[in-house]
Amino acid sequence: CGRKARREIEALMQGRCVDDMVLDDISDLTSLKERMTEPAFEPIPTGMYGVDIAIGGGVVPGRGHRVHIVAADSGVGKTQMCVILAMGLLLNKADVLFISVEMTADEMKACLLANFSYRAGCHVPNWIMEKGRPDRKLPENFAKLEQTWHDMLRDKQRGDIRLKYELDMGCPEIEQTIQAAKDQNP
């Protein structure tokens with residue numbers, strides 16, 4: 001905290017103003033009224049109640065194109081949480097851009113489709129999709145999973161998902177990917 005900021009805070013706590021301090025006049029509610037009368041966008045639930053509550057009911061499209069980033073140490077479950085969030089948004093007909101700097105394309109697809117398979121009643125574990133079975137056969141429910149996945153997109157019962165995965169992707173590339181997704185789907 002700088003000296004000027006500290007001086008202003010101390011002055012405010014004592015009920016006085018400092019030299020060039022500008023206080024907003026809350027009697028002018030014009031900007032708030034304008035915001036409240038804008039077309040409203042309904043939040044799209046993620047399917048995780050606690051997250052939905054924390055972010056105002058779900059992800060709100062059209063409000064400044066917010067990007068939600070999840071970051072944490074390796075192995076604490078951020079990917080699984082994001083898979084659940086992404087699938088909840090997809091099933092609520094939202095389009096999703098899923099970026100991972102730690103996973104390969106096949107690992108991402110396996111996680112997402114395994115989550116979907118349980119929701120769709122097909123139950124195909126991601127470890128089978130990722131590593132295959134010892135007998136090298138497709139799981140018996142995989143055909144049902146694949147058909148349901150494609151049918152739901154065709155019938156517009158779910159959103160679409162785009163995956164971005166590159167292990168050496170730096171910040172400028174992430175920003176470009178996010179901007180390209182926004183430009184493609186405002």
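This chain uses plain numbering: 1 for the first residue, then up along the sequence. Not measured: the values here are computed from a predicted model. Because only heavy atoms are used, hydrogens play no part in the values below, and waters and symmetry mates are left out as well, while side chains stay in.
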Exercise for the section: Check side-chain hydrogen bond (donor to acceptor under 3.5 Å, both in side chains) between T46 and all other residues, then give those that pass, not counting sequence neighbours. Expected result: D52
Problem - Within-4.5 Å side-chain heavy-atom neighbours: I161 and L112 - result: yes
Handout entry: Check: N126 side chain, C111 main-chain N or O, donor-acceptor pair, under 3.5 Å
Key = no
Fill in the blank from the handout: By side-chain hydrogen bond (donor to acceptor under 3.5 Å, both in side chains), D135 pairs with (sequence neighbours left out) R133
Completion exercise
Smallest heavy-atom separation, G58 atom then P43 atom, equals N-CB, 3.7 Å
Exercise for the section: List in chain and number order the residues that pass side-chain hydrogen bond (donor to acceptor under 3.5 Å, both in side chains) with Q147, two or more places apart in sequence or in another chain; answer none if no residue qualifies. Expected result: D151
Practice task
Would you give the length of the straight line joining atom CG of L153 to atom OG1 of T148, rounded to the nearest 0.5 angstrom?
Solution key: 12.5 Å
Problem - Nearest-0.5 Å distance that lies between atom CG in L90 and atom CD1 in I44 - result: 10.5 Å
Handout entry: Evaluation steps, side chain to side chain contact (heavy atoms under 4.5 Å, CB included), between M152 and L91
Key = CA-CA 9 Å; M152 287 185 78; L91 295 177; 3.7 Å; yes
Practice task
Could I get the full list of ring-ring contact (aromatic ring centres under 6.0 Å, His included) partners for F116, not counting sequence neighbours?
Solution key: W149
Exercise for the section: Ignoring hydrogens and angles, tell me if any N or O in the side chain of N92 forms a donor-acceptor pair with the backbone of P45 under 3.5 Å. Expected result: yes
Completion exercise
side chain to side chain contact (heavy atoms under 4.5 Å, CB included) filter on K93, not counting sequence neighbours, yields none
Practice task
Report yes if some heavy atom in the side chain of L113 is under 4.5 Å from a heavy atom in the side chain of V124; otherwise report no.
Solution key: no
Handout entry: For N115, side-chain hydrogen bond (donor to acceptor under 3.5 Å, both in side chains) partners two or more places apart
Key = R119
Problem - side chain to side chain contact (heavy atoms under 4.5 Å, CB included) partners for E107, two or more places apart - result: M103, T104, E130
Completion exercise
Residues at least two apart in sequence or cross-chain that pass side chain to side chain contact (heavy atoms under 4.5 Å, CB included) with P125, listed by chain then number, are Y118, W127, I128
Problem - Summary of salt bridge (Lys or Arg N to Asp or Glu O under 4.0 Å) pairs that have at least one residue in residues 75-88, sequence neighbours excluded - result: K78-E102
Problem - Heavy-atom pair with the smallest gap, counting every atom of L163 and K109 - result: CD1-CG, 3.7 Å
Problem - Listed partners of D160 passing salt bridge (charged side-chain N to carboxylate O under 4.0 Å, His left out), at least two apart - result: R162
Practice task
Sequence neighbours left out, what pairs pass ring pair (Phe, Tyr, Trp, His ring centres under 6.0 Å) with at least one residue falling in residues 91-113?
Solution key: none
Handout entry: Nearest-0.5 Å distance that lies between atom CD in E146 and atom OG in S117
Key = 13.0 Å
Problem - Connected-component partners of Y49 among ILVMFWY, side-chain separation under 4.5 Å - result: I53
Practice task
Measure the spacing between CE of M48 and CE of M87 and express it to the nearest 0.5 Å.
Solution key: 13.5 Å
Exercise for the section: State the CG-CZ distance between L89 and R158, to the nearest 0.5 angstrom. Expected result: 13.0 Å
